[in-house]
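The block underneath contains the structure these notes are about, expressed in structure tokens.
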Amino acid sequence: MLDPNLIREHPEYVKEGIAKKGANPSLIVDFLSIDNERKILIKEVDGLRHLRRNLSEEIGLKIANGEKPEETRSKVRDIAKEISDKEKLLEEINTRFTNILLSIPNIPFKGVPLGKDEAENIVLGRFGKKRVFSFVPKPHWEISENLGIIDFKRAVKISGPRFYILRGMGAKLERALISWMIDLHTEKHGYKEILPPFLVNRNSMVGTGQLPKFEEDMYKIEGEDLFLDPTAEVPVTNYHSGEIFNESDLPIKYVAFTACFRKEAGAAGKDTRGIIRVHQFNKVEMVKFVKPEESYKELKTLLENAEDVLKELELPYQIKMMCTGDLGFTAAIKYDPEVYMPSQDKYVEISSVSNFEDYQARRANIRYRTKDGELKYVHTLNGSGLAVGRTMAAILENCQQEDGSVYVPNVLQKYVGTDKITKEV
RNA sequence: GGAGAGGUGGCUGAGUGGUUGAAAGCGCCUGACUCGAAAUCAGGUAGGAGGGUAACUUUCUCGUGGGUUCAAAUCCCACUCUCUCCGCCA
């Protein structure tokens with residue numbers, strides 16, 4: 001959430017900021033009026049509590065002195081009644097206060113280009129060499145079905161649409177990608193590996209900003225306070241919720257593999273074939289907790305770490321910078337590395353690297369103590385490194401051969417145990 | 001799932017109705033001593049929300065929520081989590 005003081009002191013700035021994301025600036029007007037009401041009520045309640053306390057102590061003294069406290073006692077009884085009435089009002093207003101704070105999105109970083117939606121995102125650069133094909137490259141779903149390494153039909157039977165089953169070398173390639181990516185980030189980039197639960201509670205989902213606003217996109221366990229991870233960002237960021245670091249502990253860098261579960265509620269008809277948009281996919285995610293003054297430096301290396309995966313796999317990619325309208329609810333800035341898919345001659349999002357500044361840290365209450373003893377919110381960042389299913393799709397398409405086989409990128413051969421995937425039964 | 005025990009500050013651990021947001025110890029910070037360090041001595045050391053430029057001040061928080069009472073860390077109820085034993089189970 002945003003700093004309430006920032007909203008109080010610079011309401012116009014905040015209004016403009018959230019308007020760039022397409023949020024309604026009237027949220028800020030509402031917030032300020034609730035805030036005002038709340039402060040008045042707090043003052044009243046605090047005053048009454050103070051009075052009650054003093055009179056109660058008086059009663060104690062009177063009893064000790066052998067005096068009769070009845071008169072004071074009935075006075076306090078009346079005050080207590082008044083307090084409990086006002087407390088109910090305060091509780092109500094506190095709920096409204098929190099709810100509105102939770103529904104105000106983060107403000108874009110000043111360098112983020114203004115834009116309404118994904119059409120106005122900016123390509124910052126293209127990297128890697130696109131292969132010249134001597135044949136018409138096939139889409140990954142054809143390649144994989146021909147090879148017998150992905151089964152789409154039976155996935156529908158046992159689960160439903162937007163699921164898929166990996167078999168044989170398909171399954172092994174997926175496993176290899178996960179292991180290799182984690183090893184790359186732990187050994188080369190200095191991240192600590194975490195394997196978190198795939199189910200998290202509501203509080204965690206609120207902490208990272210998935211809830212309360214995007215509940216319809218999340219899978220919920222019926223009758224329990226549990227949701228399926230939409231991304232490892234949720235368990236890993238909340239790993240430190242409510243905690244206070246020492247300044248010397250920062251930065252903290254984690255890499256985590258989880259399966260990710262998404263309803264894809266608003267995506268009807270989009271990417272219906274293949275493994276690009278599915279309800280369950282594997283992802284390796286990097287998460288950082290850093291000092292505010294270092295967060296943009298850390299963002300840069302985070303992006304480099306994500307790009308490194310693509311570089312080592314020798315996959316052509318581009319970096320897109322999200323415009324204000326496509327940043328999402330919680331991010332202040334976001335870069336999307338996109339991998340080249342030959343069959344469509346298009347770049348497809350394969351990672352997403354964001355700085356949330358202190359927005360998630362406030363929600364999840366993650367702070368650190370400076371050398372001077374001051375408490376401050378950390379900045380949180382995360383980036384996929386990478387979405388494993390989409391990486392597999394990219395490998396299948398970019399590394400396909402005319403005979404239908406697929407060569408395995410150098411760095412993976414050790415993990416897969418072969419340099420070539422051929423048709424299997 | 002059944003039975004029992006227990007949740008107090010960074011940690012250990014006192015506290016069973018009235019200046020207790022909380023003794024003591026450890027840890028940490030500052031100062032003194034020291035060439036420096038250790039030891040020792042003195043002092044400081046939870047968080048949230050209001051108010052105040054600030055010093056400071058009011059209030060809330062002893063797992064969570066409710067109740068009793070003029071007054072609750074302390075009494076009552078519910079829930080929750082942890083630990084031990086039994087059962088079940090990958």
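Quick note on labels: first sequence line is chain A, next is B, and so on, each numbered from 1.
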| Angle class for the A/Phe31/A/Phe97 ring planes (parallel below 30°, perpendicular above 60°, tilted otherwise)? | tilted
| Where do A/Glu16 and A/Lys20 land on the salt bridge (charged side-chain N to carboxylate O under 4.0 Å, His left out) test, with the steps shown first? | CA-CA 6 Å; A/Glu16 281 166 31; A/Lys20 286 180 192 165; 5.8 Å; no
| Base-pairing mate for B/rG1 - Watson-Crick or G-U, with both contacts under 3.5 Å | B/rC86
| message | Could you go through A/Arg154 and A/Asp151, starting from their C-alpha distance and side-chain angles, then the distance that decides it, and tell me whether this counts as salt bridge (charged side-chain N to carboxylate O under 4.0 Å, His left out)? | response | CA-CA 6 Å; A/Arg154 289 193 180 90; A/Asp151 189 334; 2.6 Å; yes
| message | For B/rU20, give the paired nucleotide (Watson-Crick: N1-N3 plus N6-O4 or O6-N4; G-U: N1-O2 and O6-N3; both under 3.5 Å), or none. | response | none
| Does A/Arg8 have a side-chain nitrogen or oxygen under 4.0 Å from the phosphate oxygens OP1 or OP2 of B/rG50? | yes
| task | Between B/rG87 and B/rU19, how far apart are the P atoms? Round to whole Å, please. | result | 49 Å
| Within residues 29-45 of chain A: residues closer than 4.0 Å to RNA chain B (heavy atoms) | A/Arg38, A/Lys39, A/Ile42
| said: Using every non-hydrogen atom in the two residues, find where A/Asn238 and A/Ser204 come nearest and quote the distance to one decimal. | reply: ND2-O, 2.8 Å
| said: Would you call the rings of A/His279 and A/Phe163 parallel, tilted or perpendicular, taking 30° and 60° as the class edges? | reply: tilted
| request: Please state the C1' separation for the pair B/rG6 and B/rC26 - nearest whole angstrom. | output: 23 Å
| request: Measure from OH on A/Tyr377 to P on B/rG47 and round the result to the nearest Å. | output: 12 Å
| said: Less than 4.0 angstrom between a side-chain N/O of A/His50 and OP1 or OP2 of B/rU59, yes or no? | reply: yes
| said: Using the side chain to side chain contact (heavy atoms under 4.5 Å, CB included) criterion, which residues pair with A/Lys291? Sequence neighbours excluded. | reply: A/Glu247, A/Leu250, A/Glu293, A/Glu294, A/Tyr368
| Residue list, side chain to side chain contact (heavy atoms under 4.5 Å, CB included) with A/Leu6, at least two apart or on another chain | A/Asp3, A/His10, A/Tyr13, A/Val14, A/Ile107
| task | For A/Asp117, enumerate each residue passing the side chain to side chain contact (heavy atoms under 4.5 Å, CB included) test, keeping only those at least two apart in sequence or located in another chain. | result | A/Ala119
| query | For A/Lys81 and B/rA71, what is the distance between atoms NZ and P respectively, to the nearest whole Å? | reply | 13 Å
| said: Judged by each residue's nearest nucleotide on RNA chain B, which is more toward the 5′ side, A/Asp46 or A/Leu375? | reply: A/Leu375
| query | Which part of the nucleic acid does A/Arg362 contact within heavy-atom distance under 4.0 Å: base, sugar-phosphate only, or nothing? | reply | nothing
| A/Leu101 CG to B/rG48 P, straight-line distance once rounded to whole Å | 16 Å
| query | For atom C1', what is the distance between B/rG27 and B/rG10, given to the nearest Å? | reply | 7 Å
| task | Under a 3.5 Å limit for both distances, which nucleotide forms a Watson-Crick or G-U wobble pair with B/rU80, could you say? | result | B/rG7
| query | Between A/Phe356 and A/His379, does the ring centre distance come in under 6.0 Å? | reply | no
| task | Write down the distance separating the C1' atoms in B/rC56 and B/rG63, rounded off to the nearest Å. | result | 33 Å
| For B/rU30, what is the paired nucleotide under Watson-Crick or G-U wobble rules, both distances under 3.5 Å? | B/rA42
| said: OP1 or OP2 of B/rC70 versus the side-chain N and O atoms of A/Arg77: is any pair under 4.0 Å? | reply: yes
Pairs under 3.5 Å (N/O, protein and nucleotides 15-22 of chain B):
residue: B/rG18; atom: N2; partner: A/Ser56; partner atom: O; Å: 2.9

| task | Check every atom of B/rU58, B/rG48, B/rA71 against the side chain of A/Arg367 and return the nucleotide holding the closest atom. | result | B/rG48
| task | Grab the CD-P distance between A/Glu374 and B/rG47 for me, whole Å please. | result | 12 Å
| query | B/rC28 and B/rU16: how far apart are their P atoms, nearest whole angstrom? | reply | 31 Å
| When you compare B/rC75 with B/rA3, how far apart are their P atoms, in angstrom units rounded to a whole number? | 23 Å
| With rounding to whole Å, what would you report as the distance between B/rU74 and B/rG18 at their P atoms? | 12 Å
| query | Given that A/Lys88 and A/Asn54 both sit by RNA chain B, which one's nearest nucleotide is further toward the 5' end? | reply | A/Asn54
| query | Does A/Asp217 use its side chain to pair, donor to acceptor, with the backbone of A/Lys263 at less than 3.5 Å? | reply | no
| field | Inter-nucleotide C1' distance (B/rG15, B/rG25), Å rounded | value | 15 Å
| request: Quick one: list whatever passes side chain to side chain contact (heavy atoms under 4.5 Å, CB included) with A/Asp46, sequence neighbours left out. | output: A/Ile42, A/Arg49
| said: Output the rounded distance in Å from CD (A/Glu91) to C1' (B/rU61). | reply: 15 Å
| request: Indicate whether OP1 or OP2 belonging to B/rU69 is found under 4.0 Å from a side-chain N or O atom of A/Arg52. | output: no
